[in-house]
Protein chains: 2
Amino acid sequence: MAATHPPHIVALLYEAYLRLSDVVFQAGKAIDPRIRPAHSAVFFHMEHDGIRLSRLAEKAQMTPQAMGELVDDLEKLGYLRRVPDPADRRAKLIVFTDRGDDALRAGYAAIDDVERRLAVLLGEDGRSSLHAALTRVITDF
Amino acid sequence: MAATHPPHIVALLYEAYLRLSDVVFQAGKAIDPRIRPAHSAVFFHMEHDGIRLSRLAEKAQMTPQAMGELVDDLEKLGYLRRVPDPADRRAKLIVFTDRGDDALRAGYAAIDDVERRLAVLLGEDGRSSLHAALTRVITDF
DNA sequence: CCTCCTTGCTAAGGTAACCTGAATATAATG
DNA sequence: CATTATATTCAGGTTACCTTAGCAAGGAGG
C-alpha cells in the first residue's frame, strides 16, 4: 500500500473508477446540482413501467428505508412521483416524470460518452478486452 | 444504468473493485475486527521513517482533521504512536509500533494473494494487460 | 370470515466517514 | 519583532447509510 510498493490491481481499480465516475457525476451535477451521486442508484435500477420501493432497494442492495430517502429527495425535486400500485394497496409505484426521463437520458449519454472516450484511448480492442477482464473478475473471482 | 442497458466499464470497475477489496478488508477484519476499511488509508500512505499528519492527509486526499480521527483510532488500538518531530516542534511524527508493522505486512500479504489469484484467473498476460489498461485510464483519461 | 403471519412502507434515531470553521502553538519572514 | 503561514486539534455539521419499531393491507389455515 505504501509508495515503495508497486500499484496493485485493487488500488488501480479504485482509482480508475474514481476518474470515470467523476465524469458521470459531474454531468449529473451540471443537469441539477441538487442531484447527488447517491441518487444514481434510483436512476440505475429504475424500471420502465414503475417499480416498488422494496424492489428498488433490493436491486440496489440497500434497505427500503435508505432507498426511501433517496426517492423522497427526487420526488421533492420533481424527478419522480409515487402512485398507488393498483395490484396491492400497501404498495406504491415509483414512476419518473418527464423531467426524470430527461435526466435518465442525459445520464446515459454521459456514460456512453465515457465509453466512447475509452475506445479512443485504448482502441476498441483494448476497451472490449478490459470489459471482458472485468466481467471475468466479477463473475469468477 | 437500468437492467435493459448493457454493463458499462464504469459500473464494472466499481463491482470488480468491491469484489477484490472485500477480500482484503476481510483479511484486515481477521487480524483485528476493530480495524475498519477507512483505516487502510493510514497503512497505505505510511512512510518508513514516520510521517506527519498533514502529509498523510495530503497523500490520502482528505483533510488533516479526518485523517486525525483515523490516526486517533489506530493509536488507541496500539498500531501507531505520535512522537514529537525533532525538526519542527509544532509537528508530530506518526510511527508504527511493532503491532502496526505486523498488520501492514499482513495487509500486503492479502493484497499479494489477490494479485496471485488474478494471475491464475486471467493468466499472467491477462493480469498484466488489465494492469496496463487501468494505468492508462488513470494517467490519460 | 376471523385469527395469524407476512409484506410494503414509513417514522425515529444511530453510526461511520467524511467535511468546515475556529483555536492554539510554533515557525518563518520582512 | 510584528506579521503571516503552518501543524495540529477541538467542536460541530452533513451524507449515506443502518437498526428498531410501528402501521396498514394481503394471504393462508381452521
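Because the structure is predicted, anything quoted here is derived from the model rather than measured. A note on names: the letters A, B, ... follow the listed sequences, proteins ahead of strands, and every chain is numbered from 1.
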_Pairing residues for B:Ala103 by the side chain to side chain contact (heavy atoms under 4.5 Å, CB included) criterion, not counting sequence neighbours_ = B:Phe43, B:Tyr79
*Would you please confirm or rule out a distance under 4.0 Å between OP1 or OP2 of D:dA24 and any side-chain N or O of A:Arg89?*
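For D:dA24, neither OP1 nor OP2 has a side-chain N or O of A:Arg89 closer than 4.0 Å.
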Taking all atoms of both residues into account, what is the closest heavy-atom pair of [X] and [Y], and its distance?
{"X": "A:Glu115", "Y": "A:His131", "result": "OE2-CD2, 4.4 Å"}
{"X": "B:Leu122", "Y": "A:Ala133", "result": "CD2-O, 4.2 Å"}
{"X": "B:Ile138", "Y": "A:Ala16", "result": "CG1-N, 3.7 Å"}

*At under 4.0 Å between heavy atoms, which parts of nucleotides 1-12 of chain C does protein reach? Answer with one letter per nucleotide, 5' to 3': B base, S sugar-phosphate only, - none.*
------BSSBB-
*Between A:Ala87 and A:Glu69, which is nearer to the 5' end of DNA chain D once each is assigned its nearest nucleotide?*
A:Glu69
Starting at [atom1] of [X] and ending at [atom2] of [N], how long is that distance when rounded to a whole Å?
{"X": "B:Asp73", "N": "D:dT9", "atom1": "CG", "atom2": "C1'", "answer": "15 Å"}
{"X": "B:Leu70", "N": "C:dC18", "atom1": "CG", "atom2": "P", "answer": "6 Å"}
{"X": "B:Met62", "N": "D:dA7", "atom1": "CE", "atom2": "C1'", "answer": "18 Å"}
{"X": "B:Leu56", "N": "D:dT9", "atom1": "CG", "atom2": "C1'", "answer": "16 Å"}
{"X": "B:Arg34", "N": "C:dA16", "atom1": "CZ", "atom2": "P", "answer": "14 Å"}
{"X": "B:Met67", "N": "D:dT9", "atom1": "CE", "atom2": "C1'", "answer": "15 Å"}
{"X": "B:Ile35", "N": "C:dA16", "atom1": "CD1", "atom2": "P", "answer": "15 Å"}

Give every donor-acceptor pair under 3.5 Å between a side-chain atom in residues 89-96 of chain B and any protein atom, sequence neighbours left out.
unit_1: B:Arg90; atom_1: NE; unit_2: B:Asp88; atom_2: OD1; d: 3.1
unit_1: B:Arg90; atom_1: NE; unit_2: B:Asp88; atom_2: OD2; d: 3.4
unit_1: B:Arg90; atom_1: NH2; unit_2: B:Asp88; atom_2: OD2; d: 2.7

_If I take atom OG from residue A:Ser21 and atom CD1 from residue B:Ile9, how far apart are they, to the nearest 0.5 angstrom?_
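Between A:Ser21 OG and B:Ile9 CD1, I get 13.5 Å after rounding to 0.5 Å.
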